[in-house]
Student: 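Quick one: this structure, given as structure tokens, is what I'll be asking you about.
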Amino acid sequence: MPTTKYLAHPTAIIDEGAEIGEGTRIWHFCHVMSGARIGPRCSFGQNCYIGSRVTIGENVKVQNNVSIYDGVVLEDDVFVGPSAVFTNVNNPRSAFPRKDEYRPTIVEAGASIGANATVICGNRVGRAAFVAAGAVVTKDVPPYALVAGVPAVRIAWICPCGLRLPENGECSCELRFRLDPAEMTGEG
């Protein structure tokens, strides 16, 4: 009898050919498609879908009701809040399948996507960036940016620890992260 190195709830469906790293937890009613690549120590809340051409790094946390479609890459330490949405076709039509037009979406290491946020395909969410709950990402999000709204715009800079940076760019956390002031002047 083969032993798995990950935990999957009995209601989860894991298709043959999915790669799942050690210590990963997959909860109720999830479906992981064949070909999906998931790193170690990840967690998928109830009712998640992971497509066959998805790559997920280490220590990624995906909350309930998230579908991660083909073309999405979540790098290490990414957080995806409940009911967040990823797309993979720019102009979907039922009568005109466009599977050959999937656009990649990259969420870089340490970034967070808030609850009910939408990330439109073909965009990159930069390292340690934070997409606020309900935001709609229609263009690339710079590293360390806090974006909010519809469409999402940069409203502040954020430290990798998750604290909003004051105007001097120096965080109060023990990381002592400091953003180059020249980068703080650009619009996100």
Side-chain angles (χ1 to χ4, degrees), residues 8-9 11-13 24-33 36 38-39 41-94 98 101-165 187-188:
H9 188 271
T11 62
I13 298 170
T24 289
R25 297 177 319 265
I26 302 167
W27 295 107
H28 306 72
F29 312 114
C30 290
H31 187 179
V32 180
M33 298 290 288
I38 299 170
R41 299 180 319 282
C42 295
S43 178
F44 297 89
Q46 180 173 296
N47 197 38
C48 290
Y49 167 83
I50 298 93
S52 59
R53 292 186 291 174
V54 168
T55 302
I56 297 175
E58 296 182 21
N59 195 42
V60 172
K61 307 292 185 237
V62 179
Q63 300 298 304
N64 296 353
N65 305 312
V66 176
S67 292
I68 305 170
Y69 297 115
D70 289 354
V72 175
V73 174
L74 304 180
E75 294 183 353
D76 296 347
D77 302 312
V78 164
F79 174 87
V80 182
S83 301
V85 175
F86 293 95
T87 69
N88 61 4
V89 176
N90 196 40
N91 56 343
R93 293 288 203 193
S94 178
R98 294 191 164 108
E101 297 178 21
Y102 286 173
R103 294 183 180 185
T105 300
I106 312 295
V107 180
E108 294 181 357
S112 291
I113 310 292
N116 291 305
T118 299
V119 180
I120 302 299
C121 62
N123 292 297
R124 177 179 293 268
V125 176
R127 180 177 186 80
F130 197 108
V131 176
V136 177
V137 173
T138 60
K139 62 183 181 177
D140 288 353
V141 175
Y144 311 106
L146 170 59
V147 297
V150 179
V153 295
R154 186 182 62 77
I155 60 171
W157 296 107
I158 196 156
C159 180
C161 76
L163 295 175
R164 191 176 187 151
L165 290 170
E187 283 300 313

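Just so you know, residue 1 is the first one in the sequence shown, and it goes up from there.
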Student: Could you list the residues that satisfy side-chain contact (heavy atoms from CB on, under 4.5 Å) with V73, not counting sequence neighbours?
Tutor: T55, E75, I106

Student: Got a donor-acceptor contact below 3.5 angstrom from the T138 side chain to the A152 backbone?
Tutor: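 Answer holds: no.
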
Student: Check whether any side-chain heavy atom of S67 lies under 4.5 Å from a side-chain heavy atom of F86, and answer yes or no.
Tutor: no

Student: Under 3.5 Å, side chain of R98 to main-chain N/O of N91, donor-acceptor pair present?
Tutor: yes

Student: Answer whether the closest heavy-atom distance between the side chains of Y144 and L165 falls below 4.5 Å.
Tutor: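 Y144 vs L165: side chains apart.
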
Student: Do side-chain atoms of D77 reach the backbone of A109 as a donor and acceptor pair under 3.5 angstrom?
Tutor: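 Not a single qualifying donor-acceptor pair exists.
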
Student: To the nearest 0.5 angstrom, please state how far the SG atom of C121 sits from the CG atom of N88.
Tutor: 6.5 Å

Student: Distance-only, no hydrogens or angles: does the N64 side chain make a donor-acceptor pair with backbone N or O of Q46 under 3.5 Å?
Tutor: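 Checked: pair present.
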
Student: Got more than 12 heavy atoms from elsewhere within 6.0 Å of CZ, R127?
Tutor: no

Student: Ignoring hydrogens and angles, tell me if any N or O in the side chain of D76 forms a donor-acceptor pair with the backbone of E58 under 3.5 Å.
Tutor: yes

Student: Can a donor-acceptor pair be found, under 3.5 Å and without considering hydrogens, that links the side chain of D140 to the backbone of R124?
Tutor: yes

Student: Go through the structure and list residues passing ring pair (Phe, Tyr, Trp, His ring centres under 6.0 Å) with Y69, not counting sequence neighbours.
Tutor: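 Only Y49 meet the ring pair (Phe, Tyr, Trp, His ring centres under 6.0 Å) criterion with Y69.
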
Student: Check the pair W27 / C48 against side-chain contact (heavy atoms from CB on, under 4.5 Å), numbers first and verdict last.
Tutor: CA-CA 8 Å; W27 295 107; C48 290; over 6 Å; no

Student: Quick one: does N90's side chain get under 4.5 Å of E101's, heavy atoms only?
Tutor: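 When only atoms from C-beta onward are counted, E101 and N90 do not touch, as no gap falls below 4.5 Å.
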
Student: Pick out which of I158, I155, I113, V147 makes a side chain to side chain contact (heavy atoms under 4.5 Å, CB included) with F130.
Tutor: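 Looking at I158, I155, I113, V147, the match for F130 under the side chain to side chain contact (heavy atoms under 4.5 Å, CB included) is I158.
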
